[in-house]
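Below is one structure, written out as structure tokens; comments come after it.
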2 protein chains.
Amino acid sequence: MSLPPPKKVTSHDVAKAAGVSQSAVSRAFTPEGKIAAKTRQRILSVARQLGYHPNAFARSLVQQKTNIVGVLMGSIDNQFYPKVLETLTAQLQANGRQVMLFSVGPDEDIEDTLLRALQYQIEAMVMTSVTLSSTVAKTFSEAGVPVILFNRYVDEPGTFAVVCDNASGGRMAADALIGAGCERLAFVGGTPNSSTNQDRKRGFVERLAERGVALSFALEDKSYSYGWGQRAAELLLKNKAIPDGIFCSSDTIAFGVLDALRTRLAKRVPDDVCVIGFDDVPMAAWDAYALSTIRQPSDAMVEAVLEILKNPDAAPVKRDLPVQLIQRNTTRPY
Amino acid sequence: MSLPPPKKVTSHDVAKAAGVSQSAVSRAFTPEGKIAAKTRQRILSVARQLGYHPNAFARSLVQQKTNIVGVLMGSIDNQFYPKVLETLTAQLQANGRQVMLFSVGPDEDIEDTLLRALQYQIEAMVMTSVTLSSTVAKTFSEAGVPVILFNRYVDEPGTFAVVCDNASGGRMAADALIGAGCERLAFVGGTPNSSTNQDRKRGFVERLAERGVALSFALEDKSYSYGWGQRAAELLLKNKAIPDGIFCSSDTIAFGVLDALRTRLAKRVPDDVCVIGFDDVPMAAWDAYALSTIRQPSDAMVEAVLEILKNPDAAPVKRDLPVQLIQRNTTRPY
DNA sequence: CTGAAAGCGCTAACAC
DNA sequence: GTGTTAGCGCTTTCAG
């Protein structure tokens, strides 16, 4: 039951066994390598027998290119991100790149984590749900490693951003709620100082104003969590004139709001109160919620990241992908 | 708005600027490096100014150690895994290691992905929700890279496994359902040929037998999904004598069962039918479900992975961590 | 088409 | 303590 000796087999070993030079082995493993088909065959076959796998580290060293992109994800509790991470990984892999995951706990130093990333010579850093300090942005910029913010943007040089059109989403939510006949509107947001939250709110409020409706309540918290949604709903219903339409800046918040409304506050949705979320995570479609929401184009957003990676020398851009209203059962159709 | 020239600064550059040898720079960046405190200070300061970051690839090459562990995760749609991935990443990072993520789509060749992993000289490969073929197991074993199966085990040499005590979980579910007064029991499983599913079912059936109850229905499918749960519930209720207790081999399946039961089949839970899941994902605690379930000790399981990583030369082991019954509102307390 | 030789950036003896 | 030297495994000119 003991493992075979984990002796690393190198291209030299293969070369010797195949009776060729070491560089021939290298060429055999390079798709465009100038080498006779027959020779390549023989080398590959010997390699397989010996259990040879080219060392990506050595290759990266000499090629000055690691093909690794770093990914830093906060709040994995938002159902939206696992999906994104999955397709991002798959797409990147299909493009010959690998994802290296970085984590940054609440009490940890993000700075520290990011330096680790730099040591691994990542090609770029994709960040979600994380606040990017100027210092960090500068470190990366100086190292020539582009930062790609996902679902957030900041005004830092060398920083790319891929976001959906959050403001439009906010406007759609406003129209949906007004169209459902709501008159006392509330906004329940997450991280107040994030661009995402601000844009969603701004679009919502702007559209409300255009249609002559005031925003009656606005609650915000640093988290996008279920628990916060529950608390927010309870807070909201403490008022004498309670809202009849609630726009939540994430589906997860909306789930909390919905549950509190139905289970704890004995309200009917959408009869007494309409609720609309943002993201369109898989659960939003589940029977228990059937949540009306604004769908983020997650695949297109991942696509946009790939696009940036393909052309990293271009001036930093902010991509703004279109969103879509998905009407389900927490709003009345209009 | 153009990026600064991404000229890589090396330890030689730092050495020159600090007036020391290149190896001094290396030592300055090695915690135990024998070097005068003053010299180190100077070097580090020069390094910072120049924006120097040690190249992990070069280091790994010479040290023959990459500190990278590969992670391959199927079914990210099961809420259980994002959480696992997060803590795994965090823990590994705290141990000076990094996670490299690998993906394998439905139509892709897993073989292919895994060879990529081998090229990156990963220290070990953690795999979840993936069937490990003998071929693959052999490839890794020959390369001296331990495979750590998470939540699954197979009988292959060189393969470690970290699982919870699924059979006990099944037994607990049986007791909970019988305790709730159920008499016609059903099992709704996922991937039939996975050890996890089999063990859960086996424990359930065994305990049922011990208490003199027969298993009335057993449905299985290749997926652990919500949709499958819905379909299963509908199938189950087509029978003349419908079950009054259902054990689902994952929470996600249970959510589908519950929703179908309540929304589509007009059954009351737990009055008409009791339901119990497995995993205890965050949503199980949400008001909309309040699902009784068997909790997997995810943190302990991650811990066990770390443990194996610390001692990879030990004979492959199968860790079997204790589970716990969490009674909520889809069963009647007993 | 193939082999020889020169490094990629770093660590680890080995002398001083 | 510090510098010098020899590679880690590979790609890439450069000859042939």
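Because only heavy atoms are used, hydrogens play no part in the values below, and waters and symmetry mates are left out as well, while side chains stay in. Proteins get letters first, then strands, A, B, ... in listed order; numbering begins at 1 in each.
Between D:dG3 and B:Ser21, a contact under 4.0 Å exists linking OP1 or OP2 to a side-chain N or O. Contact check, A:Thr39 against C:dT2: a side-chain N or O comes under 4.0 Å of OP1 or OP2. A sub-4.0 Å separation between OP1 or OP2 of C:dG9 and a side-chain N or O of A:Tyr120 is absent. Considering only side-chain N and O atoms, A:Ser11 lies under 4.0 angstrom from the phosphate OP1 or OP2 of D:dC10. For A:Gln63 and D:dT12, the shortest distance from a side-chain N or O to OP1 or OP2 is below 4.0 Å.
Atom-to-atom distance recorded for B:Leu132:CG and B:Ile110:CD1 is 7.0 Å, nearest 0.5 angstrom. The OH atom of A:Tyr120 lies 8.0 Å from the CZ atom of A:Phe102; values are rounded to the nearest 0.5 Å.
Regarding B:Glu32, its CD atom lies at a distance of 9 Å from the P atom of C:dA12, rounded to whole Å. Atom pair A:Asn55:CG and C:dG9:P shows a separation of 16 Å (rounding to whole Å applied). Atom CD of B:Gln41 and atom P of D:dG1 are 14 Å apart (whole Å). As a whole-Å value, the separation of A:Lys34 NZ from C:dG3 C1' is 16 Å. C:dC10 atom C1' lies 11 Å from atom CD of A:Gln121, rounded to whole Å. When rounded to the nearest whole Å, the span between CG of A:Leu61 and C1' of C:dT11 equals 12 Å. Look at CG on A:Asn67: it is 20 Å from P on C:dC8, rounded to the nearest Å. In this structure, the CZ atom of A:Arg59 is 14 Å from the C1' atom of C:dC8, given to the nearest Å.
Across all strands shown, B:Ser26 has heavy atoms under 4.0 Å from base atoms, whether or not it also approaches the sugar-phosphate. Within 4.0 Å (heavy atoms only), A:Val25 reaches no atom of the nucleic acid at all. Contact annotation for B:Tyr52: backbone-only contact, meaning every heavy-atom pair under 4.0 Å involves sugar-phosphate atoms and none involves a base.
Between the base of D:dG3 and the side chain of B:Arg27 there is a donor-acceptor pair shorter than 3.5 Å. Side-chain atoms of B:Ser23 come within donor-acceptor range of the base of D:dT4, with a qualifying N/O pair under 3.5 Å.
Counting non-hydrogen atoms of other residues, nucleotides and ligands closer than 6.0 Å to NZ of A:Lys138 gives a total of 12 or fewer. Residue B:Lys65 qualifies as enclosed at atom NZ: its count of foreign heavy atoms under 6.0 Å is above 12. No more than 12 heavy atoms of other residues, nucleotides or ligands lie within 6.0 Å of NZ in B:Lys222, so this atom counts as exposed by the packing criterion.
Residue-to-nucleotide proximity on DNA chain D shows that, of B:Gln64 and B:Ala36, the 5′-proximal contact is made by B:Ala36. Each of A:Gln22 and B:Ala56 was assigned the nucleotide of DNA chain C with the nearest heavy atom; the assignment lying further toward the 5' end belongs to A:Gln22.
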